[in-house]
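Each ligand, and each atom within it, is numbered from 1 in the order the structure gives.
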Amino acid sequence: MAAGKLVVLGQGYVGLPLAMRATEAGYDVVGFDVDKDRVERLCAGDSFIEDIASDRLAAALATARYHPSADVSACEGFDVAVITVPTPLREGLPDVSYIEEACELLGPYLTRDCCVVLESTTYPGTTTEVVAPILERHSGFMAGADFRLGYSPERIDPGNTIWQFQNTPKLVSGVDAASLVAVREFYETVVDNVVEVAGTAECELAKLVENTFRHVNIALANELAMVADELGIDIWESIRAASTKPHGFMPFYPGPGVGGHCIPVDPSFLSWRVRRRLGYAFRFVEIANDVNDHMPDYVVRRLSLAFNKRALALNGARVLVLGLAYKANSGDARQSPAVPVIEHLLELGVVVRLADPHVGPAPLDDRVTRVEATVEEARAADGVLLLTDHDAFDLAAIASEARYLLDTRHRASGPTVEHL
Ligand SMILES: NC(=O)c1ccc[n+]([C@@H]2O[C@H](COP(=O)([O-])OP(=O)(O)OC[C@H]3O[C@@H](n4cnc5c(N)ncnc54)[C@H](O)[C@@H]3O)[C@@H](O)[C@H]2O)c1
């Protein structure tokens with residue numbers, strides 16, 4: 001069993017799974033979060049992260065080695081601290097203020113030879129240019145010489161039941177050789193496979209390469225979908241056909257746009273850094289943003305054209321929208337393309353009925369009525385719009401009753417179904 005005191009700063013989608021796994025591995029873990037409500041819920045054994053079942057949280061609490069806390073003094077005496085706080089975009093610019101705040105809070109608790117790791121997704125250079133100076137200022141120690149410092153991006157894919165925290169290879173890096181060893185040795189105790197990266201900037205960039213790759217390829221699939229539709233070609237069939245090539249091809253699929261806190265955000269960290277440092281545009285990211293951001297509009301346009309063909313106007317029509325979350329079987333609606341789609345529908349005078357069994361109460365326009373995805377709802381609607389392909393939707397039953405269904409995920413079939 002691993003031993004020592006670990007502090008995880010931030011108990012969200014990334015921090016909580018790490019805290020659980022480290023508790024199971026034998027560490028004494030402080031789950032520090034500035035959100036007191038979150039901490040209270042955690043102390044009560046109530047998990048708000050879908051990948052962490054409440055009984056797993058309860059088991060961690062029962063070991064008496066997992067301590068959720070909103071009191072920063074609980075960090076005292078740590079051996080390893082991992083920072084997993086948010087890194088959003090604010091008006092299109094990277095906001096690393098949560099990282100700065102976490103470092104300000106942690107700095108006074110550094111001791112000689114402790115190890116600090118940044119996991120938040122960020123632009124290359126953050127570990128040495130933002131994290132190190134704040135920790136050094138508060139502690140009087142030098143990163144590398146007096147304490148270990150590194151970067152290790154999280155690759156968690158919420159809802160993925162195959163690739164989870166423990167079996168997903170973990171990239172590790174350090175500001176010097178000793179830091180790399182310390183970071184690697186820590187992660188070797190909690191994950192199955194650790195991969196060393198030569199420097200923290202390379203490691204920070206690796207995470208952005210992964211998500212930019214996805215962002216750009218989704219944009220390519222979206223652009224192909226729009227072009228293929230105009231050419232009267234079924235893009236889904238073409239992608240299925242291309243996917244049979246056993247080498248050099250990886251399928252990506254069209255959809256109503258990108259959402260969540262990674263794909264729409266992370267590539268812009270890279271383009272911001274390129275523009276700031278080098279003075280020119282990172283064109284792939286800008287084109288991909290442009291295409292993906294346009295998709296909610298395109299979906300509404302397709303719906304409107306379909307209604308037009310049936311001699312119906314969207315104004316006053318009743319539309320059952322299936323899905324608010326940004327991805328299937330998730331309750332996460334952050335940056336979901338469903339939000340702009342619904343806004344556009346409301347602007348056009350559509351009576352929006354929205355079904356999403358995974359997303360709890362959400363700040364939506366009062367004109368949106370939350371309903372269950374029943375066959376009766378489908379029958380009563382002038383049209384159905386599938387935005388998120390939750391397994392909980394009985395699409396066969398809904399498709400058989402819908403007068404018209406625009407399926408942006410290629411999951412339904414039937415005479416009244418049209419795909420993106
Ligand atoms: N969610 C994912 O799927 C995912 C995957 C890979 C990487 N990431 C990255 O990991 C980071 C964290 O993302 P997340 O989804 O876990 O965010 P989250 O919002 O779910 O959780 C972050 C937590 O940090 C807390 N926090 C904010 N400031 C703090 C501070 N100063 N000290 C302690 N806690 C603080 C917040 O209260 C919140 O509970 C981001 O950089 C994100 O881009 C997320």
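For residues 133-153, no pair satisfies ring pair (Phe, Tyr, Trp, His ring centres under 6.0 Å), with sequence neighbours left out.
Considering both main-chain and side-chain atoms, V14 comes within under 3.5 Å of ligand 1 through a nitrogen or oxygen pair. No N or O atom of E154 sits closer than 3.5 Å to an N or O atom of ligand 1. In terms of polar-atom proximity, H261 is counted as a contact of ligand 1, with an N or O under 3.5 Å from an N or O of the ligand. Among the atoms of D266, none of the N or O lies under 3.5 angstrom from an N or O of ligand 1. For the pair T121 and ligand 1, the shortest N or O to N or O distance falls below 3.5 Å.
For the atom pair CD1 (I134) and CG (L106), the distance works out to 10.5 Å, reported to the nearest 0.5 Å.
At the shortest separation from atom 11 (C) of ligand 1 among protein heavy atoms lies V85 O, 3.3 Å.
Counting heavy atoms closer than 4.0 Å to ligand 1, residue P153 contributes nothing at all. With a 4.0 Å heavy-atom cut-off, ligand 1 is reached by the backbone of T84 but not by any atom from C-beta on. Contacts of R334 with ligand 1, taken as heavy-atom pairs under 4.0 Å, involve the side chain alone.
Between R21 and R56, some side-chain heavy-atom pair lies under the 4.5 Å cut-off.
Remark: S330 pairs with E50, Y326, K327, D332 by the side chain to side chain contact (heavy atoms under 4.5 Å, CB included) rule, at least two apart or across chains.
The closest side-chain donor-acceptor pair between N167 and D192, if any, does not fall under 3.5 angstrom. Between the side chains of N222 and H294, no donor N or O sits under 3.5 Å from an acceptor N or O.
A donor-acceptor contact shorter than 3.5 Å links the side chain of E204 to the backbone of G125.
At least one heavy atom of K207 sits under 4.0 Å from some atom of ligand 1.
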